[in-house]
Amino acid sequence: MSTPPPRPAAHHRAADPLTMEVVELIGDVVARFYADYEEAAATHALTGPQARLLSLLALEPLPMRKLAQRLKCEPSNVTGIVDRLEARGLAERRPDRADRRVKLAAATEEGLRVARELREGLRFAREPLAGLSAAERASLRDLLRRMLGA
């Protein structure tokens, strides 16, 4: 009779009920945020991915590879999204001054305006967060940063 192989040591404990409730609430927050984002995007005839990409470009011009990493999608998807934003005059491609072989995607003036309106159109930021005091929002921000290891 052979002996079964040893079981690997458990590296995690079962989560306690409070932790599980927090995880579920985070999931609900994320789902609500994405739903609001999709709704705000639709008011500008944009898809959710187009709106998220435009919001990233409003912060700084980025190479396609970095956009794909930030959006967690394939570079070919990013190319298509940038093509559609470019066709609407919301984004443009320009050479990277540091490396002329690299093309950066950047928001145009119109793209910056739309990205600002998208941010302002998020009900989630206005309603539930606005119901928290400044101290509570700062505390939530600090806890989220700590969770993300920032």
Reference residue L90; test side chain to side chain contact (heavy atoms under 4.5 Å, CB included); the match among H44, E110, R113: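 That would be E110.
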For L53, run the side chain to side chain contact (heavy atoms under 4.5 Å, CB included) check against L46, T47, N77, I81 and tell me which one passes.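 Going through L46, T47, N77, I81 one by one, the side chain to side chain contact (heavy atoms under 4.5 Å, CB included) with L53 is satisfied by I81 alone.
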How many angstroms lie between atom [atom1] of [X] and atom [atom2] of [Y], to the nearest 0.5 angstrom?
| X | Y | atom1 | atom2 | result |
| --- | --- | --- | --- | --- |
| R70 | K72 | CZ | NZ | 10.0 Å |
| L122 | S55 | CG | OG | 8.0 Å |
| R84 | Q50 | CZ | CD | 5.5 Å |
| R52 | L67 | CZ | CG | 13.0 Å |
| E24 | T19 | CD | OG1 | 11.5 Å |
| M64 | K66 | CE | NZ | 14.0 Å |

Mark yes or no for whether R137, through its side chain, and L132, through its backbone, hold a donor-acceptor pair below 3.5 Å.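 Pair found, side chain donor or acceptor close to backbone of L132.
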Whether the side chain of E39 engages the backbone of D36 through a donor-acceptor N/O pair (distance < 3.5 Å, no angle test) should be reported.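 No, because the side chain of E39 does not come within donor-acceptor range (under 3.5 Å) of the backbone of D36.
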Between V82 and A105, which heavy-atom pair has the shortest distance, and what is it?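 The pair with the smallest heavy-atom distance is CG2-CB, 4.2 Å.
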Heavy atoms only: give me the nearest L57-A91 pair and the separation to one decimal.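 Closest approach of L57 to A91, heavy atoms only: CD1-CB, 4.1 Å.
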Test item: [X] and [Y] side chains (from C-beta on) under 4.5 Å apart, heavy atoms:
| X | Y | answer |
| --- | --- | --- |
| K103 | D96 | no |
| P128 | R32 | yes |
| C73 | V78 | yes |

Group every Ile, Leu, Val, Met, Phe, Trp and Tyr by side-chain heavy-atom contacts under 4.5 Å, then state whether [X] and [Y] land in the same group.
| X | Y | result |
| --- | --- | --- |
| L129 | V22 | yes |
| L112 | L54 | no |
| I26 | Y34 | yes |
| L143 | M20 | no |
| L118 | L62 | yes |

Closer than 4.0 angstrom, basic N to acidic O: yes or no for R94 and E92?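 Between E92 and R94 there is a salt bridge, with a charged N closer than 4.0 Å to a carboxylate O.
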Chi angles and distances behind the side chain to side chain donor-acceptor pair (under 3.5 Å) call for S139, D142: CA-CA 5 Å; S139 177; D142 295 344; over 6 Å; no
Taking atom [atom1] of [X] as the centre, does the number of heavy atoms from other residues, nucleotides or ligands within less than 6.0 Å exceed 12?
| X | atom1 | result |
| --- | --- | --- |
| E60 | CD | yes |
| R141 | CZ | yes |
| E21 | CD | no |

